[in-house]
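Report on the following structure.
Note: hydrogens, waters and symmetry copies are ignored here, and every other heavy atom, side chains too, is used. Each chain gets a letter, A, B and so on, in the order the sequences are listed, and its residues count up from 1.
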Number of protein chains: 2
Amino acid sequence: METGDSRERTDRLALGAWVKLARSAESVSTRIHGHLAAYRLTVSQFGVLEALYHVGPLSQRSLARKILKSTGNMTHVLNNMEKRGLVRRQPDPKDRRAVEVHLTRKGTQLVRNVFPRHAEIVRREMSILNTTEQHELGRLCRKLGLQTKEP
Amino acid sequence: METGDSRERTDRLALGAWVKLARSAESVSTRIHGHLAAYRLTVSQFGVLEALYHVGPLSQRSLARKILKSTGNMTHVLNNMEKRGLVRRQPDPKDRRAVEVHLTRKGTQLVRNVFPRHAEIVRREMSILNTTEQHELGRLCRKLGLQTKEP
DNA sequence: GCCATATTGTTTGATATCAAACAATCCCGT
DNA sequence: ACGGGATTGTTTGATATCAAACAATATGGC
């Protein structure tokens, strides 16, 4: 498809872009999620709260897909959250294999507390980029992430 | 600094950009690192091989910083790699607390095998973006990641 | 030179995560 | 109907990861 030389060049460019993407995501993530410890929330737990709050009740499988974790892990995460009274499992009447995961009042209150702080921190972290740049970053990342998962 | 309305707008933009960044990094990472399992390498182990191969011998602390993991974890990762004969710990003559981590011949051979495949996969994954876009993505991510770590 | 403080690597205990195997249930083609 | 394959959630066993406490060594101020 390409000559060896041009191939090396595109490899270097792709590797560089990928490394920068991975490192920036990881270091920004560390900075953004630092404050969650104050609420004894893990990143996964926060992801679950956020999804349930914004989307409404979901099955465990949908939750797992949303936060990109395995279903086995989701069982574990939800067990911990249920113990703390943040979520409630409710049998799905339409499918007796499935459960609907609901936010409890306590979970709703917590996410209403945490989310504004979260948004503020994200805004601050991203504010190094101007509006146009944030749009462009979002566009490029969406394109990348949307690569076909199952052909 | 801003009116409430504009604040909500910038919050939404920042949150959107951040979510897309995080999700694309995670899903691309999964796709890129799938092939490492064939070599019984974890992502951290591959990161160590890569760093040592391209930079030369490094202390555990530098390695930990390079792959963004804790030093405690680095001890664990290196123990596993040492058991497999991929790296060798060598006392640093200038600082008796520190060790220099070296690639063994076996480790060098392995990374020479794995790296070209890795580069190829990364190139393929990133090829959804054209050259200009990859440059731009790299630039934006570098800016984001470079945010001051310790003030 | 000596001591307080910092840095390096290790240990330890607690979580998080995954993959694989599993049971229960659903669904579709015949 | 119904039987085989798909889907949902759980369990299990193995790893990975972190934070915190620790021991050994280095370093800089006095």
Side-chain angles (χ1 to χ4, degrees), chain A residues 22 26-27 29-31 33-49 57-84 86-102 149-150, chain B residues 22 26-27 29-31 33-49 57-84 86-102 149-150:
Chain A
E26 202 153 348
S27 69
S29 169
T30 303
R31 277 173 266 153
H33 293 129
H35 77 118
L36 294 181
Y39 302 92
R40 299 190 354 264
L41 284 176
T42 67
V43 176
S44 292
Q45 289 176 354
F46 177 66
V48 168
L49 287 182
L58 286 170
S59 72
Q60 295 197 186
R61 194 150 209 99
S62 318
L63 278 172
R65 266 193 296 261
K66 271 230 179 301
I67 71 168
L68 303 177
K69 294 288 148 66
S70 70
T71 67
N73 186 238
M74 189 50 58
T75 296
H76 179 61
V77 170
L78 290 176
N79 285 347
N80 290 339
M81 297 181 74
E82 207 173 27
K83 264 184 226 146
R84 252 181 92 184
L86 300 177
V87 298
R88 170 170 47 87
R89 281 174 167 109
Q90 190 168 305
D92 181 340
K94 319 228 171 188
D95 183 341
R96 287 197 294 169
R97 294 167 305 178
V99 297
E100 272 183 339
V101 183
H102 290 250
K149 267 138 219 200
E150 47 271 311
Chain B
E26 201 153 347
S27 69
S29 170
T30 303
R31 277 174 267 152
H33 293 131
H35 78 117
L36 294 182
Y39 302 92
R40 301 191 350 266
L41 285 176
T42 66
V43 177
S44 292
Q45 289 177 353
F46 178 66
V48 168
L49 287 181
L58 286 170
S59 73
Q60 293 196 188
R61 195 150 208 101
S62 318
L63 278 172
R65 266 193 296 261
K66 271 230 179 303
I67 71 169
L68 304 178
K69 296 287 148 69
S70 71
T71 66
N73 186 238
M74 188 50 59
T75 296
H76 179 60
V77 170
L78 290 176
N79 286 346
N80 289 338
M81 296 180 76
E82 206 172 28
K83 265 184 225 145
R84 251 180 92 183
L86 300 177
V87 298
R88 171 170 45 88
R89 280 174 167 111
Q90 191 168 305
D92 180 341
K94 318 227 172 193
D95 184 340
R96 287 200 292 172
R97 294 168 305 179
V99 297
E100 272 183 338
V101 183
H102 290 250
K149 266 136 220 205
E150 46 271 311

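Proximity note for A:Thr75 (side chain, C-beta onward) versus D:dT10, C:dC26, C:dT8: the nearest is D:dT10. Comparing atom distances between the A:His76 side chain and each of C:dA16, D:dT17, C:dT10 picks out C:dA16 as nearest. Side-chain proximity of A:Gln45 to the nucleotides C:dG9, D:dG9, C:dA16 is greatest for C:dA16. Across C:dG9, D:dG9, D:dA16, the shortest atom-to-atom separation from the side chain of A:Thr71 is found for D:dG9. Residue B:Asn73 has its side chain nearest to D:dT17 when only D:dG9, D:dA26, D:dT17 are considered. Side-chain proximity of B:Ala98 to the nucleotides D:dT17, C:dT8, D:dT10 is greatest for C:dT8. In this structure, of C:dT10, D:dT25, C:dG9, it is D:dT25 that holds the atom nearest to the side chain of B:Asp95.
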Show your working on side chain to side chain contact (heavy atoms under 4.5 Å, CB included) between A:Leu86 and A:Leu41 and close with a plain yes or no. CA-CA 11 Å; A:Leu86 300 177; A:Leu41 284 176; 4.2 Å; yes
Do A:Asp95 and A:Arg97 pass the salt bridge (Lys or Arg N to Asp or Glu O under 4.0 Å) test, and can you show the C-alpha distance, the side-chain angles, and the key distance before you say yes or no? CA-CA 5 Å; A:Asp95 183 341; A:Arg97 294 167 305 178; 2.8 Å; yes
Walk me through whether B:His76 and B:Asn80 qualify under side chain to side chain contact (heavy atoms under 4.5 Å, CB included). CA-CA 6 Å; B:His76 179 60; B:Asn80 289 338; 3.7 Å; yes
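For A:Arg89 and A:Gln60, the side-chain atoms include at least one donor-acceptor pair closer than 3.5 Å.
Between the CG atom of B:Leu78 and the P atom of C:dT11 there is a distance of 13 Å, given to the nearest Å. A straight line from NE2 of A:His33 to P of D:dC18 spans 15 Å, rounded to a whole angstrom. Between A:Lys69 atom NZ and D:dA16 atom P the separation is 17 Å, expressed in whole Å. Between A:Glu100 atom CD and D:dT8 atom P there is a gap of 14 Å when expressed in whole angstrom units. When rounded to the nearest whole Å, the span between CG of A:Asn79 and P of C:dT17 equals 14 Å. Note: CZ (A:Arg61) to P (D:dA6) measures 14 Å, nearest angstrom. Between A:Lys94 atom NZ and C:dT25 atom P the separation is 19 Å, expressed in whole Å. The interatomic distance linking A:Phe46 (CZ) with C:dT15 (C1') rounds to 20 Å, in whole Å.
For C:dA16, the OP1/OP2 oxygens have a side-chain nitrogen or oxygen of A:Asn80 closer than 4.0 Å. The phosphate of C:dT17 has OP1 or OP2 within less than 4.0 Å of a side-chain N or O from A:Ser44. Taking 4.0 angstrom as the limit, B:Arg65 places none of its side-chain polar atoms (N or O) nearer than this to OP1 or OP2 of C:dT7. Residue A:Arg97 places none of its side-chain N or O atoms closer than 4.0 Å to OP1 or OP2 of C:dA24.
Summary of the strand contacts: A:Gly72 and A:Thr42 both lie near DNA chain C, and taking for each the nucleotide with the nearest heavy atom, the more 5' one is attributed to A:Thr42. Position along DNA chain D of the nearest nucleotide to B:Val43 versus A:Ser59 favours A:Ser59 as the more 5'-ward residue. Residue-to-nucleotide proximity on DNA chain C shows that, of A:Ser70 and B:Ser62, the 5′-proximal contact is made by B:Ser62.
Taking CG from B:Asn79 and CE from B:Met74, the interatomic distance works out to 11.0 Å, rounded to the nearest 0.5 Å. Here OG of A:Ser59 is found 8.0 Å from CG of A:Asp92. Values are rounded to the nearest 0.5 Å.
Residue contacts for B:Arg89: at a heavy-atom cut-off of 4.0 Å it reaches the sugar-phosphate backbone alone, with no base atom in range.
Taking only distance into account, the side chain of B:Arg96 never meets the base of D:dT25 through a donor-acceptor pair shorter than 3.5 Å.
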